[in-house]
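Following: one structure in C-alpha cells, then a few remarks.
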Amino acid sequence: MRIVNAYRVALLDLNLTFDRGSLTVLMGPSGSGKTALQTTMGCLRESHSG
C-alpha cells in the first residue's frame, strides 16, 4: 500500500493471473484493499482512482 497525494492507495497497477483449479487466498491488514479487490473482480463495482 502506498500514500499518493495524501490518500491511501490500496490497489494501484495491479495485474493478477489465477490458474484454473487453484486456490487463492487474499491476506493483508485492515485497509489494504482486500474487499476492494474482491468486489472489483466480481464486477460488483467499477474500479476508480482514490
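Because the structure is a prediction, the values reported are computed rather than measured.
Taking Thr17 as the reference, nothing meets the side-chain contact (heavy atoms from CB on, under 4.5 Å) condition, with sequence neighbours excluded. Judged as a side-chain contact (heavy atoms from CB on, under 4.5 Å), and not counting sequence neighbours, the contacts of Leu16 are Leu14, Phe18, Leu37, Met41.
Counting all heavy atoms, side chain and backbone alike, Leu26 lies closest to Gln38 at CD1-CG, 3.5 Å. Thr39 and Ala36 get closest at one heavy-atom pair: OG1-O, 3.3 Å.
Residues Met27 make up the rest of the hydrophobic cluster containing Val25, defined by ILVMFWY side-chain heavy atoms closer than 4.5 Å, directly or through other members.
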